[in-house]
Protein chains: 2
Amino acid sequence: MEAGFPVWAKDELARKMAETGADGCPVRDVLSQVSGKWSTLLMMALSGGALRFAELKRVTPDISQRMLTKTLRDLQRDGFITRTVFPSKPPKVVYELTDTGRSFLVPFSALVQWSLDYHEIIRASRRDFDEDSDLGEEDA
Amino acid sequence: MEAGFPVWAKDELARKMAETGADGCPVRDVLSQVSGKWSTLLMMALSGGALRFAELKRVTPDISQRMLTKTLRDLQRDGFITRTVFPSKPPKVVYELTDTGRSFLVPFSALVQWSLDYHEIIRASRRDFDEDSDLGEEDA
DNA sequence: CAGTATCCGCCGAGATACTG
DNA sequence: CAGTATCTCGGCGGATACTG
């Protein structure tokens, strides 16, 4: 247990995570945003300031129309971003992070940084694992 | 932009996240573990110390056999946990967090804490959103 | 420009039954 | 006890076409 890493109040967090009540546990509920393929990427894109629909699409080249719309609506619904319509012609819609959204990016950015730091280690671990499992295979 | 939250080096992180190279960007690659339904829960369960297969199953009641096995293998492959087999009869297999796994839980726990802190706010935001969209509906 | 609507494939995940 | 092996389903996400 004394592997150089501090012991947080994790026992309690672990219990909280396991609380799978009738309507789902709070943690999974919120973290489902993280799991979405585009939610976090769009929020990161908005971290530099407000952007309109087409701009978000441009800075996120491989997202589909459908998913862009849907993800933005979900983020708005959860209060991570605001959606402001300027009824011009053609219309102009601007998306912007809320305080909640910005606040989310603080712990999330730490996780992104972690994944950058450990990416190589993890890739190496995978290679080792896959090689070892190959050793036992005598295919036809 | 001066909403009370600091401006990290997020611009660079955002760019890193957008790097969707041929074999996928490093961030999404690593964060796919987070999105898995059980990976993080199992790691949290192991944060208190090593556990064997049946024990993990007991503390995670609604996981299926299949998913428990699969998730554990994925975590092992990525180097988050170790798997140690004691060739007794009946067999005994013990799972334990690696240093990488423990290190992951540091930023991740912050995110869990955040989701606990903001859960109510988010639920409220959803209610507002859903009510407002109901207003415009004159169903048959 | 900023969306909807529709169709469809993939795969994460559950349920169940079997094995060393 | 600690797994495999199959079958199945829901839903995320992509592609394409249409609209105010």
Side-chain angles (χ1 to χ4, degrees), chain A residues 18 20 24-25 28-29 31-42 45-46 50-78 81-96 129 133 136-137, chain B residues 17-18 20 24-25 28-42 45-46 50-78 81-96 129 133 136-137:
Chain A
T20 313
C25 90
R28 284 222 56 83
D29 187 25
L31 260 51
S32 61
Q33 286 294 350
V34 181
S35 76
K37 187 172 180 180
W38 300 110
S39 336
T40 57
L41 195 48
L42 290 177
L46 288 173
L51 291 175
R52 29 192 312 196
F53 190 87
E55 292 171 328
L56 279 169
K57 196 175 178 184
R58 207 172 312 118
V59 300
T60 318
D62 42 357
I63 195 174
S64 66
Q65 194 95 310
R66 188 175 116 78
M67 274 300 110
L68 182 53
T69 306
K70 186 184 186 309
T71 308
L72 288 173
R73 230 196 301 98
D74 289 349
L75 287 174
Q76 184 197 358
R77 190 172 103 99
D78 282 10
I81 64 176
T82 58
R83 175 176 183 272
T84 313
V85 181
F86 296 88
S88 45
K89 240 193 99 179
K92 174 179 173 180
V93 181
V94 169
Y95 294 91
E96 187 168 18
F129 186 91
S133 57
E137 308 200 356
Chain B
M17 274 200 73
T20 313
C25 92
R28 283 223 57 81
D29 186 26
V30 172
L31 259 52
S32 61
Q33 286 294 351
V34 181
S35 76
K37 187 170 181 180
W38 301 110
S39 335
T40 56
L41 195 48
L42 290 177
L46 289 174
L51 291 175
R52 31 193 310 197
F53 191 87
E55 292 171 327
L56 278 169
K57 196 174 178 185
R58 207 172 312 118
V59 299
T60 317
D62 42 358
I63 196 173
S64 66
Q65 195 96 308
R66 187 176 118 77
M67 273 301 110
L68 181 54
T69 306
K70 185 183 187 309
T71 307
L72 287 173
R73 231 196 302 99
D74 289 349
L75 286 173
Q76 185 197 358
R77 191 173 103 100
D78 281 10
I81 65 176
T82 58
R83 175 177 183 271
T84 314
V85 182
F86 296 89
S88 44
K89 242 192 97 175
K92 174 179 173 179
V93 180
V94 169
Y95 294 90
E96 186 167 18
F129 186 91
S133 58
E137 307 204 356

Can you check side chain to side chain contact (heavy atoms under 4.5 Å, CB included) on B:R73 and A:F129, steps first, answer last?
CA-CA 10 Å; B:R73 231 196 302 99; A:F129 186 91; 4.2 Å; yes
Could you pick out which residue, A:P91 or A:T69, lies toward the 5' side of DNA chain C when each is mapped onto its nearest nucleotide?
A:P91
Name the nucleic acid region contacted by B:Y95, choosing base, sugar-phosphate or nothing; use a 4.0 angstrom heavy-atom cut-off, strictly under.
sugar-phosphate
Step by step, would you call B:L46 with B:L56 a side chain to side chain contact (heavy atoms under 4.5 Å, CB included)?
CA-CA 8 Å; B:L46 289 174; B:L56 278 169; 3.9 Å; yes
Using the side-chain heavy atoms of B:R83, tell me which of these nucleotides is nearest: C:dA13, C:dA2, D:dG3.
D:dG3
Any side-chain heavy atom of B:K70 within less than 4.5 Å of one from B:D74?
yes
What is the separation between atom CG on A:L75 and atom C1' on D:dC12, rounded to the nearest whole Å?
15 Å
Integer-rounded Å distance: C:dA2 P and A:Q76 CD
15 Å
For DNA chain C, which consecutive runs of 3 or more Watson-Crick or G-U pairs (each distance under 3.5 Å) count as stems?
C:1-20 with D:1-20
Without decimals, in angstroms, what is the distance between A:M67 CE and D:dG14 P?
7 Å
Could you please name the option among D:dG13, C:dG14, D:dA2 that lies closest to any side-chain atom of A:R66?
D:dG13
Classify the nucleic acid contact of A:K89 as base, sugar-phosphate or nothing, counting any heavy atom under 4.0 Å across all strands shown.
nothing
Non-hydrogen side-chain atoms of A:T84 and A:E96 separated by less than 4.5 Å:
no
Take atom CZ of B:R58 and atom P of D:dA2, then tell me their distance rounded to the nearest Å.
9 Å
Choose from C:dA2, D:dG3, C:dA13 the nucleotide whose nearest atom is closest to any side-chain atom of B:F53.
D:dG3
Report the distance from atom NZ of B:K57 to atom P of C:dA15, rounded to the nearest whole Å.
11 Å
Separation of D:dG10 P from B:K37 NZ (nearest whole Å):
14 Å
Nearest to the side chain of A:Q65 - C:dG12, C:dG14, C:dG3?
C:dG3
Checking contacts here: which listed nucleotide (D:dA2, D:dG14, C:dA13) is nearest the side-chain heavy atoms of B:V93?
D:dA2
Taking any heavy-atom pair under 4.0 Å as a contact, classify A:R52: base, sugar-phosphate, or nothing.
sugar-phosphate
To the nearest Å, how far apart are B:L72 CG and C:dG12 C1'?
16 Å
The side chain to side chain contact (heavy atoms under 4.5 Å, CB included) partner of B:L75 among B:I81, B:T82, B:T40 is B:I81
Is there a side chain to side chain contact (heavy atoms under 4.5 Å, CB included) between A:T60 and A:L68 once you walk through the steps?
CA-CA 9 Å; A:T60 318; A:L68 182 53; 5.9 Å; no
Over how many whole Å does the gap from B:I63 atom CD1 to C:dG14 atom C1' extend?
11 Å
Output the single nucleotide from C:dT4, C:dG3, D:dA15 whose closest atom is nearest the side chain of A:R73.
C:dT4
Checking the side chain of B:R28 only, and the main-chain atoms of A:K37 only, is there a donor and an acceptor separated by less than 3.5 Å?
yes
Could you tell me if the side chain of A:Q65 sits less than 4.5 Å from the side chain of A:F53, heavy atoms only?
yes
From the list D:dA2, C:dA13, D:dC12, which nucleotide is the closest neighbour of the side chain of A:K70?
D:dC12
